[in-house]
Protein chains: 2
Amino acid sequence: MIREFINKHKPTILYGISLALLLFLLKWLELRFIIINHIFEIYAGAIALLFTGLGIWIAMKLTKPKVETVVIEREVLVEKKHFQFNEQQQAQLGLSKRELEVLNLIAEGLSNQEIAGQLFVSLNTIKTHSSKLFEKMEVKSRTQAVEKAKRLSLIP
Amino acid sequence: MIREFINKHKPTILYGISLALLLFLLKWLELRFIIINHIFEIYAGAIALLFTGLGIWIAMKLTKPKVETVVIEREVLVEKKHFQFNEQQQAQLGLSKRELEVLNLIAEGLSNQEIAGQLFVSLNTIKTHSSKLFEKMEVKSRTQAVEKAKRLSLIP
DNA sequence: GGTAAAATCACCCAAAAGTATGAGTTAATT
DNA sequence: AATTAACTCATACTTTTGGGTGATTTTACC
């Protein structure tokens, strides 16, 4: 408890003690001062220098260290999870929103009938979409479309 | 040139000027000192405090800020670069070498006819292979097979 | 040498996929 | 008001795919 307090306020205590000692020293020097009157400036200068040093020392002890944060990035191999959709490709191929939707469902392995059910449209509509999709993507089958779409980051 | 010198030794010059001013102040106070003799301790204390402050200020200005380095490790997700074939899955599903070959070609978007040409076998053979493949993989179409195969790391 | 798995192929049939064409509706743009 | 693009649907037709069955050959293993 007491030790902790001493440790915490060590600089302050030391400063106090130093000040007290200096004052005693001054008192003692005062006697001499009467005798050797003309060294007063030197005396004051000495005090100034001494306490400047003390100030520096205190500053060194007290200043909070600046915290510099170094972030080390460790690479961790992971399954593909991040997927950044390639809008440029979509624009370049001229794929519509609906076509992209169909493409995604095709990639999930759904049949045209299932896709039609999922999107609440007829089978023929899905066929039309996929046809146009294949035409735009310059492929001939759903499997090729999926393969190419993955390469072009149109689907995860 | 001169300006540069001044900038470089600014603290030193300021310290010198302060010291000079203080000495003038002391000289002036000295006259009063004769009259009011007993405030010498206060006077010396004042100098001490003042120069302690000056010292602290100098230290603040001159010393390089203490740097405490805190290392934070952050994990960065990196996509798997290379494909590691999952032999366990192949064994578990009981896929033969030929079936795996067909699976890969299917994943590349080839039709059964094209696969047959590539492997120098008949279309019927490829149909048999893909049929058994789908059966073993418990899927109903080539698209589903590709999707599942990628999930199971059977193909890149 | 016999057995089992793998690979090959054929035939048939049904379902799904894909092509071609035409057409109606809606929403956005000019 | 006219145009365009996107979305919708239908019909007809061809191709591909996938399931089922059966058979032959090759390869590997006990």
Side-chain angles (χ1 to χ4, degrees), chain A residues 85-152 154-155, chain B residues 85-152 154-155:
Chain A
F85 177 68
N86 189 340
E87 279 183 74
Q88 282 74 39
Q89 274 299 339
Q90 186 203 5
Q92 199 168 325
L93 297 177
L95 302 186
S96 75
K97 210 195 300 183
R98 203 54 156 175
E99 284 159 355
L100 212 59
E101 219 172 339
V102 172
L103 175 58
N104 270 283
L105 295 175
I106 285 177
E108 287 178 23
L110 301 193
S111 70
N112 287 342
Q113 190 60 71
E114 288 169 325
I115 296 172
Q118 189 132 351
L119 300 182
F120 298 106
V121 293
S122 81
L123 171 61
N124 285 313
T125 303
I126 299 304
K127 284 189 174 189
T128 307
H129 282 319
S130 57
S131 266
K132 293 209 160 192
L133 181 64
F134 300 159
E135 201 179 316
K136 289 178 180 175
M137 292 186 72
E138 295 174 322
V139 296
K140 295 184 119 191
S141 73
R142 57 211 294 112
T143 324
Q144 276 180 23
V146 171
E147 192 270 336
K148 190 161 186 176
K150 294 215 176 199
R151 276 211 326 265
L152 302 183
L154 290 169
I155 54 175
Chain B
F85 177 68
N86 190 340
E87 281 183 73
Q88 282 74 39
Q89 275 298 339
Q90 187 203 3
Q92 200 168 325
L93 297 175
L95 301 185
S96 77
K97 211 196 297 183
R98 203 56 157 172
E99 284 159 356
L100 212 57
E101 220 171 339
V102 172
L103 174 59
N104 271 282
L105 295 174
I106 285 178
E108 287 178 22
L110 302 191
S111 69
N112 288 342
Q113 189 62 69
E114 290 169 321
I115 295 173
Q118 189 131 352
L119 299 183
F120 301 104
V121 294
S122 81
L123 172 60
N124 284 315
T125 303
I126 300 303
K127 283 188 174 190
T128 309
H129 283 319
S130 58
S131 265
K132 291 210 162 190
L133 182 65
F134 299 158
E135 201 180 315
K136 289 177 179 177
M137 292 185 70
E138 296 174 321
V139 297
K140 296 184 121 188
S141 73
R142 56 212 294 111
T143 323
Q144 276 180 22
V146 172
E147 191 271 337
K148 189 162 186 175
K150 295 216 176 200
R151 276 213 324 267
L152 302 183
L154 289 170
I155 55 176

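As a basis for the values below, the full set of heavy atoms in this structure was taken, side chains included, without hydrogen atoms, waters or symmetry mates. Computed from a prediction, not measured in an experiment: that's the story for all the values here. Each chain gets a letter, A, B and so on, in the order the sequences are listed, and its residues count up from 1.
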### Task
Would you indicate which nucleotide in D/dC7, D/dC9, D/dG18 comes nearest to any side-chain atom of B/S141?
D/dG18

Can you measure [X] atom [atom1] to [N] atom [atom2] for me and round it to whole angstrom units?
X	N	atom1	atom2	result
B/F134	D/dT17	CZ	P	9 Å
B/N124	D/dT21	CG	P	16 Å
A/R98	D/dA5	CZ	C1'	15 Å
A/E135	C/dT21	CD	P	11 Å
A/Q144	D/dT17	CD	C1'	15 Å
B/I126	C/dA10	CD1	P	12 Å

State whether [X] places a side-chain N or O below 4.0 Å from either non-bridging phosphate oxygen (OP1 or OP2) of [N].
X	N	result
B/S131	D/dG19	yes
B/T125	C/dA7	no
A/H129	D/dT8	yes

### Message
Return the CD1 to CD1 distance between A/I115 and A/I106, rounded to the nearest 0.5 Å.
### Response
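Result: 4.5 Å between the selected atoms.
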
### Query
Nearest 0.5 Å, what's the CD1-CD distance between B/I126 and B/E101?
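Answer rounded to 0.5 Å: 8.5 Å.
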
#### Entry: Option passing side chain to side chain contact (heavy atoms under 4.5 Å, CB included) with B/K148 (candidates B/R151, B/K150, B/Q144)
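Only one of B/R151, B/K150, B/Q144 forms a side chain to side chain contact (heavy atoms under 4.5 Å, CB included) with B/K148, namely B/R151.
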
### Query
If you take atom types as modelled and just measure distance, does the side chain of A/T128 reach the base of D/dC9 with a donor-acceptor pair under 3.5 Å?
yes

### Query
For the residue pair A/L154 and A/Q90, what are the closest heavy atoms and their distance?
CD2-N, 3.7 Å

### Sugar-phosphate, base or nothing in reach of A/N112, heavy atoms under 4.0 Å
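Answer is sugar-phosphate: A/N112 comes under 4.0 Å of backbone atoms only.
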
